[in-house]
Amino acid sequence: MKLRFLSIVAAAALVAACESAPENTGAASGGGVSAPPPARTAPAGLVKGSKEDFIANVGDRVFFDLDKSSVRGDAKATLDKQAAWLKSYPNYSFTIEGHADERGTREYNLALGERRANSVREYLIANGVAASRIKVVSYGKERPVALGSNEAAWSQNRRGVTVLN
Amino acid sequence: MSRIRLLAAVAVTLILGLAAFASPTLAEVRIDITNGQMRPLPIAIPDFAGSSGQETQVGRDIARVVSADLERSGLFKPIDPRAFIQTPASLQIQPRFPDWKAINAEALVQGKAEIGPDGRIRVEFRLWDVMSEAYMTGWTLSSSPADWRRLSHKVADAIYKRVTGEDGYFDTQIVYVAESGPKNDRKKRLAIMDQDGENHRFLTEGGELVLTPRFSPSAREITYLSYFRGVPRVYIFNLDTGRREALGNFPGMTFAPRFSPDGNKVIFSMAEDGNTEIYEMNLMTRSKVRLTNNPAIDTAPSYAPDGSQIVFESDRGGGQQLYVMGVGGGGANRISFGDGRYATPVWSPRGDLIAFTKQKGGRFFIGVMRPDGSGERLLAEGFLVEGPTWAPNGRVLAFWRDSPSDERGRGQSVRLYTIDLTGVNERVMITPVDGSDPAWSPLIP
C-alpha cells in the first residue's frame, strides 16, 4: 500500500519534471511493479515526424523488471509503435540507451544496461527496422531519471530509451 | 563510527590502566595485526628538531603527518605532545627514557630535519623501544622540498613495518571519481590524492562521464572508463604526460579495466550484442585475447598477484557469483556459495584473500574470502557499499558508501572509506567533494 502510494507520487513528480514523459503504454500485462506512466495529450502544434512527435505520441522508453533484460509485455506495445514510426521516418538514425537502477554494482549494471538496450534493438530489428540505423549505449546506474531511493523510482530507472539523432 | 571509537578508547584506557600496575617488560615492542588486536600502541612522536625557524617548521609538519598516518591505521595511539617531558632539543642529545616511561610511551620517535644549501630537505629519524631502551630502526633520507610529505609517509611506513612486521602503505596515492551536482546530472571527474587526502588534484574536467579508475603497477598510469564523445571505452591516462589514450577501437562498449601485475596487459570486459565477455590486451603488441565464452555477463576481472589466475564475476549460474579461471581463460571454478550475490572481486596484493561486494536482503556488504571461497568474512555494511580496493600491504581496504535519497535526490552522500581486515577500524577519507570508485596505488616507487 505504501509502495503503491510512493509509485504514484514518483510518477507524478516525473511527469511534472519532465516534458518528455512517456505516453501511457496501455495494457500492463507484464506484471511489472512500476505504476504505468500516466496518459498525456500531445501539445498542440506538434510536427508529425519530429522528435517531439516521437516522444509524445509514440513513447521513447520502455521499462524492465528487476535484474531482467527481456522485453516486458507492456513494453511490446510501445516498441511496436516505435518500429512503425521509425519505418515511416527512415531518415532518422537513433541510439538506444540502456539503464539500470541504483541497486546493483557499477560494472554489472553497465553490462545489464547493454543487455537491455540490445533487447530493444533486437525487438525493433525483428519488427523491420534496419540494424544499420541503430546504435546502443549503456549508462548502467549513472543516469537515473527518478531520484528517490525506493522501488517506485527504481522501476522508472530500469529503462531503455530510444533517442533520435 | 562513534561507537567503535568509544570502544577503542575504552580498550586503550583499560590497557593503560593495567600497564600502570604491570611490571615493565623487556619484550620488544610489537603489534600482531593478525589478531584483531584492539589496543593501539602508545607512541611518542615529538616534533622533528631543526636548527632554524624554517627547519623547525618542517620538523613540526613532518611529525604531524607521521602521527596522523599512524593514528589512522588504528594500530598506534600517538600521545598528546603536551604530555611530553623531555624537550626536542634535549632529545637530540639522548633520549631520557624515564621521561617517556612516565607518560606511558612504549615507542619513541627521535627525528631531525635539515635544509641544505641546495634547498633539499634531509630527514633523519630513529625509532626507540622505550621499555627496553633499545634502538629499533632508523634512516636518513633527503628529498626536494615539494616532497616533504613523502618523506614523512616513509617515516611512518618504516615505523609501521618495524613494529608490525608488515610493509607500510602510507607513501601511496588514491585515484577516485570525484562527484558533484544533482543525482540525475552528476558531474564525475577523475581525481588523485595522497592516501591522507593531501595533494589533491583533478585529472579530468568533468566534460565526460568517467568511472572505475585503477593504477598500473608503476602507479604512473591509470586505466579507466570514459564516455569521451559519448562512446564508453577503456582509456589509459599517463600521469607524467597527462596524455589519455583509448585502449583500442572495439565494436562494443569496453569497461571494467585492470592492469596485470607486470603492467604489460590490461584485462577488461566488452559488451556486444547483449553479451559481456572478458578480454585481455597485450599493451606491447596490442593483440587481444578473449578469455570467457559464455552468454552470461562476465565482468569485473582481477588478476592474482602472481599473474597466474583471474577472479571475476559472472551471472552464468543465475545471479552474480565469483569465479576463478587460469590466466589463459577457459574453465572457471565458482568460489562464492553463500546467500546473496557477489560482485567486484579484487585479489589481495598478498594473494591470500579476495575482497568483494555482496548484496543480500536489500543490503550491501564489503567482505573478504580466501581464493578457494572459504573463510568468508563481512567487514562493512550499508544501504550501498561497493568497490573494495586493497592497500598495497593487503591489510586495509578502501571502498565507498552511498546513502539513500528522497524523490528530489536530497540526502545522497557518496563518500570514500577505509577499513582494516579486522573490520573494526573504519574511517572516512577526507575529499573536497563526494567520491566513489577509489583505487589504492602500490607503494610509490
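FYI, side chains are in, hydrogens and waters are out, and symmetry mates aren't considered; it's all heavy atoms of this structure. Order of the sequence lines sets the chain letters (A, B, ...), proteins ahead of strands, with each chain counted from 1.
Between chain B and the residues A/Val137, A/Asn118, A/Leu112, A/Thr95, the largest count of heavy-atom pairs under 4.5 Å involves A/Asn118. The candidate with the highest count of non-hydrogen atom pairs below 4.5 Å against chain B, out of A/Lys135, A/Glu102, A/Glu122, is A/Glu102. Contact count against chain A (heavy-atom pairs under 4.5 Å) is highest for B/Gln320 among B/Met253, B/Arg186, B/Gln320. Chosen from B/Gln412, B/Arg410, B/Arg341, the residue pairing most often with chain A at heavy-atom distances under 4.5 Å is B/Arg341.
For chain A, the nearby part of B/Thr299 is the side chain; its heavy atoms alone come within less than 4.5 Å. Interface remark: A/Arg143 contributes side-chain atoms only to the contact with chain B (heavy atom separation under 4.5 Å). For B/Asp406, the part lying under 4.5 angstrom from a heavy atom of chain A is the backbone only. With a 4.5 angstrom heavy-atom cutoff, A/Arg116 does not touch chain B via any of its atoms. Only the side chain of A/Asp67 comes within less than 4.5 Å of a heavy atom in chain B; its backbone stays farther off.
Note that CG of A/Leu110 and OG1 of B/Thr276 are 9.0 Å apart. Values are rounded to the nearest 0.5 Å. Taking CD of B/Gln359 as the reference point, atom OG1 of B/Thr357 lies at 8.5 Å (rounded to 0.5 Å). Put simply, CE on B/Met270 and NZ on B/Lys288 are 4.0 Å apart, with the number rounded to the nearest 0.5 Å. Within the model, atoms CZ of B/Phe255 and CG of B/Leu211 stand 11.0 Å from one another, a figure rounded to the nearest 0.5 Å.
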Carefully, step by step, assess B/Phe250 and B/Phe268 under the rule ring pair (Phe, Tyr, Trp, His ring centres under 6.0 Å).
CA-CA 12 Å; B/Phe250 303 104; B/Phe268 60 95; 5.4 Å; yes
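Ion pairing of A/Arg115 with B/Asp315 is present here, as a side-chain N (NZ or NE/NH1/NH2) and a carboxylate O approach within less than 4.0 Å.
Judged by the 6.0 Å distance and 45° axis criteria, B/Arg316 is positioned over the aromatic ring of B/Tyr323.
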